[in-house]
Amino acid sequence: MTATGAEPKSYKLVPPDGGWGILVCIGMAFPFISGLSALPSFGLVFGDFLKSIGAETSAIAIITSTFFCAMSFAGLFSGSLFRKYGLRCIGLVGGGLYCLGTALQMFATSTLHLIFAFSLVQGVGFGLCVPTCYTTFNNYFVLNRVMWMGFAQTLIGLGSMVYPIAMQKLLEWYGFRGCLLILTGINAHAVLGMLLMQPVEWHMKRVPLSDEELQLQRVEAVEPTRLAPIVVHIQPETPLKPIPELEFTTLADAPHDSLPVSHLGSRRVSHAEEHALQILRSRSSSITSLGNWTGAMVVTDASPQMMHSLQASRRHSVVSASPTAAGASEQAASPPAVVAKKSLCATIVDFLDLTLLKQPVYVNIVLGITFALYSDITFFTMQPTYLFELGYTKVDAASIIAIGASADLLSRIFLAVTAIFIQVPARYIYLGGALFTVFARFAFDGITDFMGMACITAILGFLRTWIHVPLPLVLADYLPKERFASGYGLFMFTQGNGMFLIGPIVGYIRDRTQDYILVFHILNVFMALCAVPWVIEVLIVKFRRRSKLERNNVGEQGNGNSALAH
């Protein structure tokens, strides 16, 4: 083999973990700055207009709730749209709709016009941009996700601080319609951000193969049509489970010189495949230290809970089980069976990837994040009115809110810097933020003086970053890449409709009781509904892992004693 012929096999392609990914972080900030700042600043921009048409209080609740619903439905269908049309295409459609919705608001004359332009058009656009950004980010970054997500969220935090001040100045200088015209140009940057979401295949990084990877690649070259890549799934919190279709043994009734046979099929394994499996076994003790090692053996970050669904898709290419190899070849030669038509329900389940809802860990993650987000957003929305009830002036209330926002920004920078030196799973960061927030809010309920309120708000603002920044990374660490878009879409659907259903109930309790402390306690219960089930799940996983290791150790000791006896 010539040097030219061997060159393509001397390296592997891995995500860049930087490079163009930095522009992806910047592009992600464009729609998020205006999207996340639009709702808190909605009353500032549209307050006088709604008051002029006599629909100030009721309209804001309806418009914001409809925005969340439209965003959640767009996120629900985003995974299927990505598979059919591609990430970047759907992202550009979302950015265009987001800009169009802002432009249509310039001509609004009634509440219905705002519901259509802001809630429906702009909400659907933002709902398509969010999964596009997070899915692209997940493709570009593997090793330093927390650090780069902290960098992107720092940019978003800076923009969110400037946004309300800019809106206030634009209203003073150009009036309501002029402000919306300039805001349309600002939101048009969402299209630019989506243009930066280039496919990761365009920017993959070449990494030289190690000696063992080269050896395994040469083994594959011996029988390229028969030796398939071996996929090993690693999850830090759960012990490594062998994939059943990769376990080969020798049949008891077979000749002693026969080759190993798969449990799931009768295809005999060649000597080249047996050698590849021996290499795999020799590396299994240290494979967790390889990180996202790729090559002929692909190590993914999918959790063991997703292994069954991934294996099911791969088993279609494995020869069906039969008593002998001859039976397998006869089955291969037989005509293909007629595929039955799927029912409407099965089609919907496949289209939206609803089988994820069968995963208890995934459901626990989605519900926990939904409760935590609702508790956090509602708490900081109600805090200004609570400060006014305590007798604070607008200047004092604004100062306290600014202190909380500054602490939030400092926390984003702190999280990005510490992630360079300390690697902590995103879910543990989120869990820590939820737990500490529960304790901090108990202290908040008993504070009324300005200095104490400023300090506790700074603490809550610092912890708020731990709830918002690692949010997409929690799902990215659990889901395989090919199911992240649909999994995040299901989360958006649950979160949006959960806020739409729970919000009026909490608002009704507040209106009837006029007791903000009671409402804050209720919101703290929602935050605890995230922390407590997650802690229980972590303890169960740890206990099962320890029990399994103990059983394995006992089994190995028993085998060793029996061998010595013989």
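For this chain, numbers begin at 1 and follow the sequence in order. This is a predicted model, so every value here is computed, not measured. When reading the values below, keep in mind they use all heavy atoms of this one structure, side chains included, and skip hydrogens, waters and symmetry mates.
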### Summary
Applying ring-ring contact (aromatic ring centres under 6.0 Å, His included) to His468 and not counting sequence neighbours gives none

With a cut-off of 6.0 Å (strictly less than), are more than 12 heavy atoms of other residues, nucleotides or ligands near [atom1] of [X]?
X	atom1	result
Tyr174	OH	no
Phe116	CZ	no
Tyr386	OH	yes

Distance, nearest 0.5 Å, that separates [atom1] of [X] from [atom2] of [Y]:
X	Y	atom1	atom2	value
Thr437	Phe379	OG1	CZ	9.5 Å
Ile365	Asp477	CD1	CG	9.0 Å
Ser406	Phe462	OG	CZ	13.0 Å
Thr66	Ile115	OG1	CD1	5.5 Å
Leu373	Thr378	CG	OG1	10.0 Å

Validation row: [X], [Y] side chains within 4.5 angstrom (heavy atoms):
X	Y	answer
Thr465	Phe414	no
Met197	Leu87	no
Met194	Cys129	yes
Ile467	Met527	yes
Ile459	Phe436	no

### Message
For Tyr134 and Phe32: C-alpha separation, side-chain torsions, deciding distance, then whether ring pair (Phe, Tyr, Trp, His ring centres under 6.0 Å) applies.
### Response
CA-CA 11 Å; Tyr134 284 148; Phe32 272 76; 5.4 Å; yes

### Message
I'd like to know whether the aromatic ring centres of Phe442 and Phe439 sit less than 6.0 Å apart in this structure.
### Response
no

### Message
Suppose we call two aromatic rings close when their centres sit under 6.0 Å apart. Are Phe82 and Phe484 close by that rule?
### Response
no

### Message
With salt bridge (Lys or Arg N to Asp or Glu O under 4.0 Å) as the rule and sequence neighbours excluded, what pairs involving residues 436-464 come up?
### Response
Asp376-Arg464

## Note on the structure
Taken in chain and number order and not counting sequence neighbours, the residues that satisfy side chain to side chain contact (heavy atoms under 4.5 Å, CB included) with Cys25 are Phe137, Phe141, Trp148, Phe151, Ala152

### Query
Relative to the ring of Phe49, is the ring of Phe46 parallel (under 30°), tilted (30 to 60°) or perpendicular (over 60°)?
perpendicular

### Query
Nearest heavy-atom pair of Gln105 and Leu180: which atoms, and what distance?
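Here Gln105 and Leu180 meet closest at O-CD1, 3.5 Å.
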
### Message
Taking side-chain hydrogen bond (donor to acceptor under 3.5 Å, both in side chains) as the definition, give me every residue that meets it alongside Ser34, ordered by chain and number, with sequence neighbours left out.
### Response
Tyr98, Asn187

#### Entry: Under the side-chain hydrogen bond (donor to acceptor under 3.5 Å, both in side chains) test, residues paired with Asp515 that sit two or more places apart
none

### Query
Among pairs that include at least one residue of residues 193-204, which meet side-chain hydrogen bond (donor to acceptor under 3.5 Å, both in side chains), considering only residues two or more places apart or in two chains?
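Sorted pair list: Gln198-His203.
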
### Message
Before you tell me yes or no, could you show the steps for Phe107 and His113 under side-chain contact (heavy atoms from CB on, under 4.5 Å), namely the whole-Å CA-CA distance, both residues' side-chain angles and the distance that decides it to 0.1 Å?
### Response
CA-CA 8 Å; Phe107 308 100; His113 290 166; over 6 Å; no

